[in-house]
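Comments concern the structure below.
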Amino acid sequence: MRFLQQTLPLAALLTIGAMVGRSFADDEVNNIWWNLDTDYNGSHQTVCTAENFNGFPVDAVFNVFPGGFDATGVPMPNRIVVPMKPFIQYRVYSWGANYRGPGPRCSFLNFSAQAQ
């Protein structure tokens, strides 16, 4: 029983830590920063922006929702690969000022270094 009392809090902590790895806005993982900006530069648009703080170019993979709609108009997620040079801010995806649906959400999934 004592073993169970010691391992349950540790398991809970590790589970929470694993969930923190991905975020929906304003986060940095593996030197890739991204943010969900509402009213981007006064445009009334919501924009997912990202920047590569690695010293080399990468292909970064983002998940955006909604990134499109099916034939019946239901919002669908979309994966977007963005080639990113270091220290340049990129617009990953934008939602129009008139968008009133669920989300929007933007999350960084992973990256790979570009071949030189």
Side-chain angles (χ1 to χ4, degrees):
M1 185 66 163
R2 186 165 183 78
F3 175 75
L4 188 59
Q5 290 173 338
Q6 291 174 341
T7 56
L8 281 179
L10 179 60
L13 181 64
L14 291 174
T15 302
I16 291 169
M19 293 175 7
V20 171
R22 289 188 184 169
S23 178
F24 295 114
D26 198 19
D27 208 350
E28 184 176 339
V29 174
N30 295 330
N31 294 324
I32 305 292
W33 167 89
W34 72 99
N35 190 28
L36 194 62
D37 295 316
T38 57
D39 196 25
Y40 180 75
N41 289 341
S43 66
H44 303 294
Q45 291 182 329
T46 300
V47 177
C48 176
T49 57
E51 190 165 344
N52 171 19
F53 288 101
N54 292 291
F56 49 87
V58 301
D59 290 326
V61 181
F62 294 88
N63 192 36
V64 296
F65 179 83
F69 299 88
D70 71 6
T72 62
V74 175
M76 303 291 291
N78 192 15
R79 286 203 174 160
I80 298 172
V81 178
V82 180
M84 299 176 74
K85 294 180 181 178
F87 312 110
I88 298 173
Q89 191 175 89
Y90 291 86
R91 288 178 64 161
V92 175
Y93 197 84
S94 62
W95 295 266
N98 59 350
Y99 178 73
R100 299 286 182 257
R105 292 190 308 260
C106 175
S107 59
F108 169 70
L109 299 176
N110 60 41
F111 77 93
S112 60
Q114 292 180 358
Q116 298 279 333

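Quick note: residue numbers are just sequence positions, from 1.
- A donor and an acceptor atom, one from each side chain of Asn35 and Thr49, are nowhere located under 3.5 Å apart.
- Of the possible donor and acceptor atoms, none in the side chain of Asn78 sits under 3.5 Å from a partner among the backbone N and O of Gly68.
- Smallest separation of non-hydrogen atoms from Gly55 and Pro86: C-CG, 3.8 Å.
- Counting all heavy atoms, side chain and backbone alike, Pro66 lies closest to Pro75 at CB-CB, 3.6 Å.
- Annotation: the span from Trp34 atom CH2 to Met84 atom CE amounts to 10.5 Å, rounded to 0.5 Å.
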field: From CA spacing to verdict: side-chain contact (heavy atoms from CB on, under 4.5 Å), Ile32, Asn54
entry: CA-CA 7 Å; Ile32 305 292; Asn54 292 291; 3.7 Å; yes
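- Separating the CH2 atom in Trp95 from the CD atom in Gln45 is a distance of 10.5 Å, to the nearest 0.5 Å.
- Taking CG of Asp37 as the start and CZ of Arg91 as the end, the distance is 9.5 Å to the nearest 0.5 Å.
- The distance from the CG atom of Asn63 to the CD1 atom of Ile80 is 8.5 Å, given to the nearest 0.5 Å.
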- request: Applying side-chain contact (heavy atoms from CB on, under 4.5 Å), run through Tyr90 and Lys85 and close with a yes or a no.
  value: CA-CA 9 Å; Tyr90 291 86; Lys85 294 180 181 178; 3.5 Å; yes
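- If you chain together hydrophobic residues whose side chains sit under 4.5 Å apart, Val92 and Tyr99 fall into the same group.
- Using cut-offs of 30° and 60° for the angle between ring planes, the Phe53 and Phe87 rings count as perpendicular.
- Separating the CG atom in Asn31 from the CG atom in Asn52 is a distance of 8.0 Å, to the nearest 0.5 Å.
- Put simply, Ile88 and Phe56 are part of the same group of oily side chains (I, L, V, M, F, W, Y) that touch within less than 4.5 Å, one to the next.
- Phe111 and Ala60 make their closest contact through CB-CA, 3.9 Å (heavy atoms, listed as atom of the first residue, atom of the second, distance).
- In this model, no donor atom of one side chain and acceptor atom of the other lie less than 3.5 Å apart for Asn41 and Ser43.
- Cys106 places none of its side-chain heavy atoms less than 4.5 Å from the side chain of Tyr93.
- Here CZ of Arg79 is found 12.5 Å from CZ of Phe62. Values are rounded to the nearest 0.5 Å.
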message: If you apply the rule side-chain contact (heavy atoms from CB on, under 4.5 Å), what do you find for Arg105 with Val64, and how did you get there?
response: CA-CA 6 Å; Arg105 292 190 308 260; Val64 296; over 6 Å; no
Chi angles and distances behind the side-chain contact (heavy atoms from CB on, under 4.5 Å) call for Gln89, Trp33: CA-CA 9 Å; Gln89 191 175 89; Trp33 167 89; 3.6 Å; yes
